[in-house]
Amino acid sequence: NLIVGQNLASLLETGSIVALRLANRLINFPLGVFAMGISTAIFPTLSGLVAQDEMLEFRRTFSFGLRVVFFVTIPSAMGMAFLSVPIVRLLFESGEFTAADTAATAYALLFYAPGLIAQAGTQIITRIYYSLQDTVTPVKIGLVTVVINFILSLAFLKLPGLNHGAIALAFSITAGINMFIALAVLRRKLGGIDGHRIAAAAIKAFAAAAVMGVGVYAASGFLGGHLDLTRTMGRLLQVFGSILVGVVLYLGGAVLLRMDEPLFLWTAFAVRLRRRSRRARTQH
């Protein structure tokens, strides 16, 4: 899909390929840190449950893993959308990378951001298929969605005003289609995937993230008006100050909505800290 997108972008104005490439690289950061990390961590557990034929616990583990991924990546996607310009300006704008390049890359990032959620979900779902010893189905779904991505890219490029954003939008929609097809096939395969709890968790995460997004956007505007954004320190304070506001708002919303995922993440973090502390004492 990336290769298709970059080839189509070569037909557009100069700088479109670079904008799409950099925006996609930014999306891959939370995808690699959170989604791939969580999916890799639960894969041995899932494989063990299948081997023991404990399918009820298998579905529960899969459901919770997917809910945790959504809990982390939904606000990540929302934050990247609302802070697209400040983030790109902080990381890339210097020398020959101008304000116009920042705007072009941020524009692509805006359309790539929603696809982060689906790509993250697919990371978990693919591990489910692998744990079930099914490596064929994800490939078949992937081939179908490559065709869909190509068709959508061509269709969106004909819409006025979208420019290279059309390619990023097609990529995100295709990622969503990929995830939903994989979930539908998996639901039929397993006889259920705890869909109600997954949907409820995603809706709550979206609600909390929406409030967070408004707060992040307001904080970014406020800080941008009081800091010197021509200097790296000013840009750094704008981005990380806004992220701090977003974290507080999102976690506050999660607590108010009584989501289970924050407690799980905090418990896992605390357990990891205790293990490191014991290891350090033992080595000492």
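Starting from 1, each residue takes its place in the sequence as its number. Remember, it's a predicted structure, so these values are computed and weren't measured experimentally.
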**Q** Do side-chain atoms of Asn163 reach the backbone of Gly165 as a donor and acceptor pair under 3.5 angstrom?
**A**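 It does not hold such a pair.
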**Q** Give a yes or no answer on whether the side chain of Thr145 reaches the backbone of Asn178 with a donor-acceptor pair at less than 3.5 Å.
**A** no
**Q** Give me the atom names and distance for the closest heavy-atom approach of Ile124 to Val69.
**A** CG1-CG2, 3.5 Å
**Q** Would you kindly confirm whether Val144 and Val147 end up in one hydrophobic cluster when ILVMFWY residues are joined by side chain heavy atoms under 4.5 Å apart?
**A** no
**Q** Once rounded to the nearest 0.5 Å, what's the spacing between atom CZ of Phe34 and atom CD1 of Ile38?
**A** 8.0 Å
**Q** Any non-hydrogen side-chain atom of Ile167 less than 4.5 Å from a side-chain atom of Phe111?
**A** no
**Q** Could you tell me whether the side chain of Leu116 reaches within less than 4.5 Å of the side chain of Leu31, counting heavy atoms only?
**A** yes
**Q** For Leu143, does the CG atom have more than 12 heavy-atom neighbours from other residues, nucleotides or ligands under 6.0 Å away?
**A**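 It does: Leu143 CG has more than 12 such atoms within range.
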**Q** Does Leu110 share a hydrophobic cluster with Met212, counting links as ILVMFWY side-chain heavy atoms below 4.5 Å and allowing steps through other members?
**A**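 In one cluster: no.
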**Q** Is Phe150 close to Leu154 at the side-chain level, that is, under 4.5 Å between some pair of heavy atoms?
**A**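 In contact.
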**Q** Between Gly234 and Leu229, what is the shortest heavy-atom contact and its length?
**A** O-CD2, 3.8 Å
**Q** Can you tell which of Leu227, Thr232, Asp228 makes a side chain to side chain contact (heavy atoms under 4.5 Å, CB included) with Leu237?
**A** Leu227
**Q** For the side chain to side chain contact (heavy atoms under 4.5 Å, CB included) test, which of Leu26, Leu20, Asn28 pairs with Tyr112?
**A**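 Testing each of Leu26, Leu20, Asn28 against Tyr112, the sole residue satisfying side chain to side chain contact (heavy atoms under 4.5 Å, CB included) is Leu20.
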**Q** Just list the side-chain donor-acceptor pairs under 3.5 Å for residues 180-207, sequence neighbours left out, or say none.
**A**
residue : atom : partner : partner atom : Å
Lys189  : NZ   : Asp134  : OD2          : 3.2
Asp194  : OD2  : Ser63   : OG           : 2.8
Lys204  : NZ   : Leu257  : O            : 3.3

**Q** Any donor and acceptor pair, going by atom type alone, linking the side chain of Ser39 with main-chain N or O of Met36 inside 3.5 Å?
**A**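 Answer holds: yes.
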**Q** Mind checking the CD-CE spacing from Glu57 to Met55? Nearest 0.5 Å is all I need.
**A**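 Answer rounded to 0.5 Å: 11.5 Å.
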**Q** Any chance CZ of Phe97 has more than 12 other-residue heavy atoms, nucleotides or ligands included, within less than 6.0 Å?
**A**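 More than 12 within 6.0 Å, yes.
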**Q** Rounded to the nearest 0.5 Å, what separates atom OG1 in Thr126 from atom CZ in Phe43?
**A**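 Answer for the OG1-CZ pair, Thr126 versus Phe43, is 11.0 Å.
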**Q** Do you know the tightest heavy-atom contact between Gln119 and Ala175?
**A** CG-CB, 4.0 Å
**Q** Got a donor-acceptor contact below 3.5 angstrom from the Ser131 side chain to the Ile128 backbone?
**A**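 Present.
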**Q** With side-chain hydrogen bond (donor to acceptor under 3.5 Å, both in side chains) as the test, would you mind laying out the steps for Ser10 and Asn7 before giving the verdict?
**A** CA-CA 5 Å; Ser10 66; Asn7 277 277; 5.2 Å; no
**Q** Run the side chain to side chain contact (heavy atoms under 4.5 Å, CB included) check on Glu93 and Val88 step by step: do they pass?
**A** CA-CA 7 Å; Glu93 189 176 314; Val88 173; over 6 Å; no
**Q** I'd like to check Phe58 versus Val50 (side-chain heavy atoms, cut-off strictly below 4.5 Å). Are they in contact?
**A**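 Of all side-chain heavy-atom pairs linking Val50 with Phe58, at least one is under 4.5 Å.
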**Q** Transitively linked via ILVMFWY side-chain contacts under 4.5 Å: Leu109 with Tyr217?
**A**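 Looking at the clustering, Tyr217 is in the same group as Leu109.
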**Q** Please report the shortest heavy-atom distance between Pro86 and Val239, naming the atom on each side.
**A**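 Scanning both residues completely, I find the closest heavy atoms to be O-CG2, 3.5 Å.
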**Q** Do Phe92 and Asp101 touch side chain to side chain, with heavy atoms closer than 4.5 Å?
**A**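 When only atoms from C-beta onward are counted, Asp101 and Phe92 do not touch, as no gap falls below 4.5 Å.
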**Q** Applying side-chain hydrogen bond (donor to acceptor under 3.5 Å, both in side chains) to Ser220 and Gln238, what does each step give before you reach the verdict?
**A** CA-CA 6 Å; Ser220 175; Gln238 183 192 29; 3.3 Å; yes
**Q** Determine whether the aromatic ring centres of residues Tyr250 and Phe71 are separated by less than 6.0 angstrom.
**A**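 Yes, ring centres under 6.0 Å apart.
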**Q** Cluster question for you: counting only ILVMFWY and a side-chain heavy-atom cut-off of under 4.5 Å, with indirect links fine, are Val248 and Phe222 together?
**A** no
**Q** In terms of ring plane angle, is the pair Tyr107 and His164 parallel, tilted or perpendicular, where the classes change at 30° and 60°?
**A**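 Aromatic pair Tyr107/His164 classed perpendicular.
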**Q** Say whether, by atom type as modelled, one donor and one acceptor occur between the side chain of Ser16 and the main chain of Glu13 under 3.5 angstrom.
**A** yes
**Q** Verify the cluster assignment for Leu249 and Leu256: are they in a single hydrophobic cluster under the rule of side-chain heavy atoms below 4.5 Å apart?
**A** no
